[in-house]
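Report on one structure; see the data block that follows.
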Amino acid sequence: MTKQLPKTYDFNETEGRLYQQWWDAGYFEPANDPKKPGFDPTIKPFVISIPPANVTGRLHLGHAMVVSLEDLMIRYHRMKGEPTLWVPGVDHAGIATQLQVENKLRDEGTSREELGREKFLERIWNWKEEYGGIITQQIRRLGASCDWTRERFTLDEGLSIAVREAFVSLYEKGWIYRGPRMINWSPGLQTAISDLEVEYSEEQSKLYYFKYMIADSDDFIPVATTRPETILGDTAVAVHPDDDRYKKLVGKMAVVPILGREIPVIADDYVDRAFGTGALKITPAHDPNDYEIGMRHNLEFINVLNKDATINEKGGPYEGFDRFECRKKLWEDMSQAGLVVREEAYTLNVPRSQRGGEVIEPMVSTQWFLKIKDMAEPALQAVREGQIEIIPEHFKKVYYNWMENIQDWCISRQLWWGHRIPVWYCKDCGGMTVVRQDPDRCQHCGSTKIEQDPDVLDTWFSSGLWPFSTLGWPEETSDLKYFYPTSTMETGYDILFFWVARMIMDGLEFTGEVPFHTVYLHGLIRDEHGQKMSKTKNNVIDPLEVMDEFGTDALRFTLLVGSSPGNDMNLSMKKVEANRNFANKLWNAGRYLIGSLGAMPSEPEGEPDWTLADRWIKARLNYLRETVNRLFESYQFGEAGRQIYDFFWTEFADWYIEISKNQIAEGSDRAYYTFQTLVEVFDTCLRFLHPFTPFVTEALWGHLKSACQKTSPSLSPTGGWEDALIIAHWPEKKDFEGWERGAEEDFNLIQEIVRAIRNIRAEYKVQPGHRVACMISAGEKMDIIQSQRQIFVSLAGVDPDAFAVSSAPIE
RNA sequence: GGGCGGAUAGCUCAGUUGGUUAGAGCGCAUCUCUUACACAGAUGAGGUCGCAGGUUCGAGCCCUGUUCCGCCCACCA
């Protein structure tokens with residue numbers, strides 16, 4: 001006999017056990033694997049490369065969303081019988097990881113400088129070994145059916161070779177160059193960062209008005225600035241060429257306050273006559289626009305900041321001051337000198353670091369850049385011509401917008417954790433050696449006095465290669481040949497530029513192919529009132545805690561069903577709870593079915609005898625099949641999930657299961673077909689739901705399978721009893737032959753009658769145990785079957801408007 | 001300044017080829033511990049689908065305008 005199943009679904013009992021079973025059975029590895037015998041290269045696989053999580057990260061809802069969606073797609077395609085590969089991996093996450101380890105060192109009273117590069121890297125690798133597995137462990141808990149035998153790390157040997165190949169080949173094409181340019185400097189991290197890593201926040205500040213004295217005169221030009229400390233680096237004052245107020249001063253020299261340097265007054269169209277005083281101080285080394293003007297007018301570039309944003313020796317008396325202290329002190333001194341006009345409240349967009357939030361300083365610095373415009377062109381074409389679909393579609397416009405205005409990408413970082421820039425400088429001839437293999441001498445003069453560039457590459461440089469580097473590129477591996485290009489890239493829209501765009505450019509550049517055919521973008525997850533989750537607001541939902549309380553399936557179903565592509569979703573515990581209840585509903589429907597199997601009669605002779613209810617639910621299921629398949633094919637997973645949920649709860653459980661009790665209670669052999677219907681419908685629902693809620697469905701399917709095989713071997717679901725639901729057959733049209741539509745209309749009528757009778761019972765206060773009889777207009781008497789809980793009508797073809805009611809005790 | 005998205009029941013949201021009476025979950029009201037499930041069942045209240053026009057036999061859905069909210073890109077000192 002089947003062991004008695006518990007009354008509520010115990011996810012703790014099943015989740016770990018089932019995951020281990022799947023793993024042990026090798027279901028996560030592709031069915032058609034180039035590494036295994038019997039491999040057939042003509043079968044097209046479905047492939048996803050996971051967005052690599054930060055190696056030191058802890059699972060958050062973004063990961064949960066990624067994993068839920070990708071696992072859903074992978075399981076769907078696996079069930080459809082396609083060879084599927086989901087490549088897992090983690091990212092070294094340069095800045096994020098280095099920061100964590102540096103913080104730890106600070107707690108220990110030391111620093112990376114004190115340790116030195118080699119020792120420091122050793123520390124990070126140790127850290128990685130210690131904590132690097134946590135995130136993948138947590139991803140597994142979500143049920144991720146990744147092929148863990150193919151797990152990659154962005155700093156592992158193969159991927160480092162890929163990065164080296166990419167860098168050198170781009171350098172050889174002349175697209176990677178080194179030079180002084182305006183960059184964003186992060187004083188806290190002491191590294192350059194890319195434009196994308198800068199965020200702007202609107203803040204209350206001041207606009208400072210002061211006098212730029214003209215040399216050898218009492219004349220002056222009034223100028224306004226938001227950053228007075230940059231005065232120390234001014235090398236010109238600009239006015240509009242047609243501005244009558246200042247025309248006469250163009251060509252004269254102005255005097256830098258306090259420092260006394262003389263700088264030219266120049267004319268440039270860029271200056272807006274209506275803003276501020278209509279005159280602009282020019283600091284080419286510390287402002288992007290001034291940089292442009294500086295280039296145009298051949299101005300001197302004076303960098304006044306040290307790496308930590310204190311003032312350097314160019315700042316004269318202010319040397320050593322912090323930038324903000326300097327602002328204050330300089331302004332005071334200028335006030336003393338009578339140069340100050342006034343201050344005005346002003347709202348400005350302050351550039352802040354995406355990581356850490358400190359104020360970024362624009363600065364001219366010698367860095368490595370990638371001239372990306374030529375790579376952007378084919379990447380734009382690929383989307384325009386439909387080689388890549390983006391879902392939802394409107395993100396195409398966002399993509400075009402950014403790609404059409406793309407700027408050179410600063411790829412060097414003054415960090416130690418990451419891919420070291422593969423460039424060696426010669427101490428003798430000064431030449432650069434840029435090669436795939438570490439050199440021992442200068443390419444140009446043969447000198448052995450060469451030194452590698454100390455910087456590392458932006459983390460995203462290696463991420464861009466991810467879809468093919470993880471498959472073995474640049475080597476022509478069998479994995480690369482078979483699995484590339486991948487199928488779908490699923491990720492958050494917030495990294496469309498950081499990552500997706502760069503993968504498309506890199507894919508086309510290095511492999512000549514698009515790296516994936518579809519981009520599916522999901523939105524941000526906010527709290528239940530639409531607030532962004534943050535530690536300060538104390539509204540962060542931890543997916544691990546959610547899984548502890550409600551189970552993995554409940555979390556997954558909530559994320560999948562509650563979101564639509566590209567739209568942010570608001571998550572509340574109420575929703576998760578409701579879906580936990582759904583898992584429990586499934587569980588109990590299974591309990592009912594398994595518990596009733598003992599009452600099943602043997603298969604009757606002759607033609608099957610289906611009741612209206614049987615025909616109705618099968619027709620509805622067939623319709624659900626059409627809907628679900630259509631929705632899956634068009635990436636509307638949430639809607640598909642909702643459809644299955646509704647069907648299962650409001651049609652199968654609320655109506656068919658209740659009716660089945662009566663059909664079984666009749667004691668006729670006809671009940672055989674009731675059981676067959678119950679099993680087939682229930683089984684099909686489990687298959688449809690498996691990509692959403694893999695654990696509860698797999699558990700139920702296992703219980704049902706063993707119960708059926710014990711007590712009713714003749715029962716077999718549409719796809720047969722396969723080894724496991726995870727690889728079971730996905731229901732298709734041919735499985736539903738004979739499940740025609742048509743019974744719905746009759747059944748709807750029955751539903752209406754039943755509702756009417758329920759109302760009548762309530763209205764006339766018909767006591768339990770008393771029967772309500774209906775007379776049909778045609779004079780046909782309806783056979784009303786009553787259980788203590790519900791009343792059901794088992795005949796069709798009735799007019800609901802015409803029936804009489806009487807009440808009498810049941811004999 | 002340029003671009004994108006949203007506005008549907010008290011709350012959070014579905015609603016993709018325009019088609020009868022606009023849906024769900026939670027919440028609310030009344031009843032039921034009934035032999036799968038109180039993590040449940042039954043019944044019910046609640047919406048002029050932001051606003052104004054237009055196309056159409058027919059609009060939550062298409063077009064135009066408009067208001068409010070959110071986001072992205074650019075960064076006028």
Side-chain angles (χ1 to χ4, degrees), chain A residues 5 7-9 195-196 198-200 207-209 223-227 230 238 270-272 274-283 287-290 293 346 348-351 362 392-398 400-402 404-405 407 493-494 496-497 523-524 526-530 532 550-551 554 558 561-564 566-575 577-596 630-631 634-636 638-639 641-643 645-646 649-650 653-654 657-658 660-661 665 754-755 758-759 761-763 768 787-791:
Chain A
L5 297 176
K7 237 178 154 178
T8 48
Y9 168 55
D195 296 345
L196 282 175
V198 180
E199 286 169 350
Y200 291 85
L207 193 52
Y208 300 84
Y209 290 82
V223 172
T225 180
T226 54
R227 295 183 295 155
T230 61
Y270 172 79
V271 180
D272 178 355
F275 189 89
T277 63
L280 181 59
K281 66 184 231 26
I282 304 296
T283 323
D287 183 279
N289 295 308
D290 294 6
I293 295 170
Y346 187 69
L348 84 159
N349 279 332
V350 180
E393 225 192 322
H394 70 253
F395 273 104
K396 281 185 186 175
K397 278 198 172 176
V398 180
Y400 297 148
N401 224 311
W402 189 70
E404 281 162 2
N405 300 299
Q407 299 296 315
Y493 66 70
D494 52 326
L496 179 60
F497 307 142
L524 254 57
R526 303 168 177 278
D527 78 1
E528 59 183 313
H529 301 295
K532 217 170 183 170
F550 297 110
T558 306
V561 159
S563 67
S564 51
N567 289 324
D568 294 355
M569 89 169 276
N570 298 353
L571 180 67
S572 76
M573 280 306 142
K574 290 266 167 99
K575 286 185 187 172
E577 193 183 342
N579 290 319
R580 186 273 317 262
N581 295 352
F582 177 57
N584 194 51
K585 189 76 182 175
L586 286 169
W587 182 257
N588 274 294
R591 270 182 84 219
Y592 160 74
L593 188 42
I594 290 162
S596 317
R630 175 176 57 80
L631 291 171
S634 52
Y635 293 84
Q636 296 172 258
E639 185 60 18
R642 259 171 258 128
Q643 294 285 339
Y645 177 104
D646 283 346
W649 203 311
T650 65
D654 287 350
I657 285 186
E658 293 305 325
S660 77
K661 291 172 185 169
V754 170
R755 288 210 175 91
R758 280 180 190 148
N759 285 333
R761 289 190 71 100
E763 196 176 324
S787 76
Q788 277 183 290
R789 296 185 59 187
Q790 310 234 1
I791 310 162

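So you know, we letter chains A, B, ... as the sequences are listed, proteins then strands, and number each from 1. Because the structure is predicted, anything quoted here is derived from the model rather than measured.
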Which part of the nucleic acid does A:Ile657 contact within heavy-atom distance under 4.0 Å: base, sugar-phosphate only, or nothing?
base
Can you measure A:Leu571 atom CG to B:G25 atom C1' for me and round it to whole angstrom units?
13 Å
Mind checking A:Ala589 for me? I need base, sugar-phosphate or nothing, with any heavy atom below 4.0 Å counting as a touch.
base
Tell me whether the side-chain N or O atoms of A:Arg580 pair up with the base of B:C39 as donor and acceptor below 3.5 Å, since no angle test is needed here.
yes
Options B:C39, B:G15, B:A36, nucleotide nearest the side-chain atoms of A:Thr8
B:C39
How long is the line joining CZ of A:Phe582 and C1' of B:C26, in whole Å?
17 Å
Name the nucleic acid region contacted by A:Lys585, choosing base, sugar-phosphate or nothing; use a 4.0 angstrom heavy-atom cut-off, strictly under.
base
Compare every heavy atom of A:Glu658 with every heavy atom of A:Asp654, then report the nearest pair and how far apart it is.
O-CG, 3.3 Å
Nucleotide-resolved protein contact map, nucleotides 70-77 of chain B, B/S/- at heavy-atom distance under 4.0 Å:
--SSBBBB
So what does A:Gln636 hit on the nucleic acid, given a heavy-atom distance under 4.0 Å: a base, only sugar-phosphate, or nothing?
base
Requiring both pairing distances under 3.5 angstrom, list the stems that contain RNA chain B and are made of three or more consecutive Watson-Crick or G-U pairs.
B:1-7 with B:67-73, B:10-13 with B:23-26, B:28-32 with B:40-44, B:50-54 with B:62-66
Counting primed atoms, P, OP1 and OP2 as sugar-phosphate and everything else as base, the B/S/- map of nucleotides 62-68 of chain B against protein heavy atoms under 4.0 Å is -------
Using whole Å, report how far CG of A:Leu5 lies from P of B:C37.
12 Å
So A:Arg227 and A:Thr283, do their side chains get closer than 4.5 Å, heavy atoms only?
no
What's the NE2-C1' distance between A:His529 and B:C26, to the nearest Å?
12 Å
Identify the heavy atoms of A:Tyr209 and A:Thr277 that sit nearest to each other, and give their distance.
CD2-CG2, 3.5 Å
Hey, does the side chain of A:Asn584 come within less than 4.0 Å of B:A40's phosphate (OP1/OP2), counting only N and O?
no
Check A:Asp568 against A:Leu524 and note the closest heavy-atom contact, atom names and distance.
OD1-N, 2.9 Å
With the side chain of A:Lys7 defined as its heavy atoms from C-beta on, choose the nearest nucleotide among B:G27, B:C37, B:G41.
B:C37
With a 4.0 Å cutoff (strictly under), does any side-chain N or O of A:Lys397 reach OP1 or OP2 of B:C4?
yes
B:U32 P sits how many Å from A:Asp654 CG, rounded?
20 Å
Ranking B:G5, B:A36, B:G27 by distance to the side chain of A:Lys574, first place goes to B:G27
Aromatic A:Tyr592 / basic A:Lys661 pairing, under 6.0 angstrom, 45° off normal:
yes
Are the charged groups of A:Glu577 and A:Arg580 less than 4.0 angstrom apart, N to O?
yes
Distance check needed: B:G41 P versus A:Glu658 CD, whole Å only.
9 Å
Among A:Phe550, A:Trp587, A:Tyr9, A:Tyr645, the one residue meeting ring pair (Phe, Tyr, Trp, His ring centres under 6.0 Å) with A:Phe582:
A:Tyr645
Considering all heavy atoms of both residues, which atom of A:Pro288 and which atom of A:Pro362 are nearest to each other, and what is their separation?
CD-CB, 4.0 Å
